[in-house]
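Here's the structure we're looking at; comments come further down.
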Amino acid sequence: MRILQLHCDYIEFTPVKREIKSAEEIDPQSKRFEEVLVAFIAVEEGDNSDVAKKAMVEISDSMKKIGCNKLLLYPYAHLSSKLASPSTALLLLKEMETQVKNLEIYRAPFGWTKSYKIQVKGHPLAENSKTITASEDKESTSDALKAESKIQSFWHIMTPDGKMHDVGKFDFSRHDNLEVLAKYESVKQRSVNESPPHVKLMKKLAIADYEPASDAGNMRFFPNGRLMKSLIERYVTDKVMEYGGLEVETPIMYDSHHPSMESYFNRFPARQYSINSEGKQLFLRFAACFGQFLMAKDFQMSYKNLPVKLYELTRYSFRREQSGELVGLRRLRAFTMPDCHAFCKDMTQAKEEFRKRFDLSTEVINGLGLDESDYEMAIRFTEDFYNENKSLIEELVKNIGKPVLVEMWKERFFYFVLKWEFNYVDGLGKASALSTDQIDVENGERYNIEFIDENNKPQNPIILHNSPSGAIERVIYALLEKAAKDQTEGRKPMLPLWLSPTQVRVIPVKPEFLEYCNTLTDEISRSDVRADVDDRNESVGKSIRDAETEWIRYIIVIGEKEVSANTLSIRDRKTGSVRNLTIDELVKEIKEETKDKPFMRLNTNRSLSTRPQIMV
RNA sequence: GCCAAUGUAGCUCAGCCUGGCUAGAGCAUCUGCCUUGUAAGCAGAAGGGCGGGGGUCCAAAUCCCCCCAUUGGCUCCA
């Protein structure tokens with residue numbers, strides 16, 4: 001939309017004749033306005049209601065500045081060469097006319113050739129031109145995002161004994177990572193000037209890479225990475241279903257003008273991707289919340305059914321994070337996130353459920369290969385909630401067994417009253433949230449989700465939002481960063497055995513032992529172990545080196561001795577030593593270490609000689 | 001989104017400041033030879049509009065401008 005704005009002593013115009021068929025039906029009389037701001041307007045292709053709204057905000061702002069209260073909207077096609085259709089233009093002009101209440105607004109007729117006389121004032125602000133486009137709207141910023149910066153937070157450290165300490169006075173000497181997190185969050189202190197090690201590792205281990213043909217923050221996952229993701233996804237899903245989550249699937253895009261969407265959107269501080277399709281403005285989901293809420297709204301629920309727990313593993317959730325913020329697998333624009341909502345009948349039930357999910361989350365995060373020393377907890381709540389529910393908060397902190405970062409808000413700004421996360425703190429001092437849970441007191445009503453209580457009255461549930469692991473990609477980031485940290489501190493970098501793309505590599509000393517190797521690999525694979533064969537005609541030293549650089553845990557070398565004996569000579573990367581074990585003993589050891597974890601077969605050719613190499 | 005740095009063969013990187021032979025190396029790949037015992041056996045070959053697009057110049061990987069991507073900082077992070 002293009003606007004030429006003139007502050008006038010007067011304007012006089014007379015409609016002469018209809019210019020287009022769809023011209024407005026009017027009485028073609030001359031009109032005169034005095035002490036008026038005339039806005040000549042060309043509505044362009046792609047303009048929409050938001051543009052109209054924005055235009056009126058800008059116009060009324062400048063009217064305030066020049067102290068003028070009378071506005072004439074004057075359709076003026078000649079300001080642009082890419083005009084919108086007359087019907088759209090008229091529609092938007094009419095919208096503009098009715099948008100602002102405390103102004104005297106008039107509109108010149110649309111579609112008529114008009115003669116006019118005008119006297120423009122001579123002050124510096126009298127003339128002004130504006131171009132307003134919809135494009136900036138593509139990354140619609142929610143009110144929450146805009147207002148977030150205004151929230152006032154109070155930072156503390158809570159120790160397992162339930163005591164609150166001023167964050168500035170707390171002795172962090174035995175809690176390095178917590179100090180990093182606290183500074184990271186409260187003072188926003190950053191101290192890095194190198195690139196994160198996991199980026200190199202994700203390429204070297206052929207897990208994932210950037211995809212320049214997509215938008216930034218959208219990764220490609222190679223067979224190894226896809227396998228790891230599948231396993232983690234399976235594991236988290238199994239755990240949530242064990243807890244009682246009902247797995248569902250919901251759409252990845254939504255109409256941004258759906259009433260419950262619009263207001264939720266404005267309560268969620270994130271930037272969206274949006275898509276125009278057949279006149280609808282769709283946005284890509286940034287979480288599974290609305291899909292599940294819209295679904296739950298159509299459930300008929302009694303208090304006896306609650307809590308109802310819905311779960312979805314979103315592939316993907318989309319957030320249009322600022323480009324400068326995207327880093328490897330740490331922060332993406334498209335990511336896979338498990339999201340489980342529990343609909344609870346009251347705060348008592350919500351708190352009870354909240355505890356269960358806290359346990360679920362610690363179990364999941366530990367099962368993924370991260371222990372208590374790898375993450376720091378942050379807990380955030382409103383002052384009111386804290387005063388009424390001290391014991392719950394103290395209990396969580398006691399459970400985690402070490403001091404946690406506390407953020408307290410004077411007033412409730414978000415839709416939740418309590419939220420905690422586990423943050424992975426990497427070797428470069430960056431903190432990233434993994435698991436999280438929230439107590440939401442707002443969306444039950446917003447989405448009109450109802451259950452019938454003991455007194456036969458409809459009620460809105462309290463909703464818990466839990467991601468027991470955080471984004472799957474971020475879990476891989478954390479595992480790789482942990483491995484990198486191990487490496488710099490002199491330990492061998494490893495992946496958890498159940499996530500290793502290859503668990504066992506079999507290497508023949510000479511090609512004549514290949515057949516034996518294949519038979520052996522068959523046998524090991526039958527017990528659900530991922531084993532492969534290095535059938536390239538390379539020296540043993542070279543083959544071992546390659547297996548080591550791929551972080552393969554067990555390396556079996558097959559030669560004369562092994563073919564004639566009963567035991568295998570197995571190099572264990574964890575200890576670096578060679579052991580003699582039977583097949584059964586090896587399989588048993590692997591099974592023991594990967595028990596309760598999902599299994600998937602090798603996601604690559606078994607023979608190394610037939611594999612493409614992924615060099616990134 | 002803003003500021004800065006980086007972008008050369010599949011990968012890791014020289015070369016750029018001070019413009020000029022046919023743009024180099026190691027690894028990987030291919031072809032031979034070797035027949036291997038716990039972290040790299042030997043030799044040869046092939047492989048590159050120097051991130052993309054403009055410009056300056058007799059001449060641009062090299063100097064200038066714009067764009068893209070990555071990384072760092074800022075901002076932001078349910």
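Letters A, B, ... are given to chains in the order of the sequence lines, protein chains preceding strands, and every chain is numbered from 1.
For the C1' atoms, the distance from rU18(B) to rG1(B) is 38 Å, rounded to whole Å.
One finds no side-chain N or O of Ser195(A) lying less than 4.0 angstrom from the OP1 or OP2 phosphate oxygen of rU71(B). Residue Arg571(A) has a polar side-chain atom (N or O) positioned under 4.0 Å from OP1 or OP2 of rA39(B). For rG10(B), neither phosphate oxygen OP1 nor OP2 lies less than 4.0 angstrom from any side-chain nitrogen or oxygen of Gln613(A). Taking 4.0 angstrom as the limit, Lys203(A) places none of its side-chain polar atoms (N or O) nearer than this to OP1 or OP2 of rG10(B). For rG1(B), the OP1/OP2 oxygens have a side-chain nitrogen or oxygen of Ser323(A) closer than 4.0 Å.
Of all the heavy atoms in Arg573(A) and Lys492(A), the pair that sits closest is O-CD, 3.3 Å.
Residue Ala216(A) has its side chain nearest to rU70(B) when only rG72(B), rU70(B), rU38(B) are considered.
Nucleic acid contact for Lys561(A): base, since at least one base atom lies under 4.0 Å from a heavy atom of the residue.
Regarding the sugar-base torsion, rG47(B) falls in the anti class, its angle being beyond 90° of 0.
No side-chain donor-acceptor contact under 3.5 Å links Thr237(A) and Glu247(A).
Scanning RNA chain B for stems, defined as runs of 3 or more consecutive Watson-Crick or G-U wobble pairs whose donor-acceptor distances all fall under 3.5 Å, gives the following ranges: B:1-7 with B:68-74, B:10-13 with B:24-27, B:29-33 with B:41-45, B:51-55 with B:63-67.
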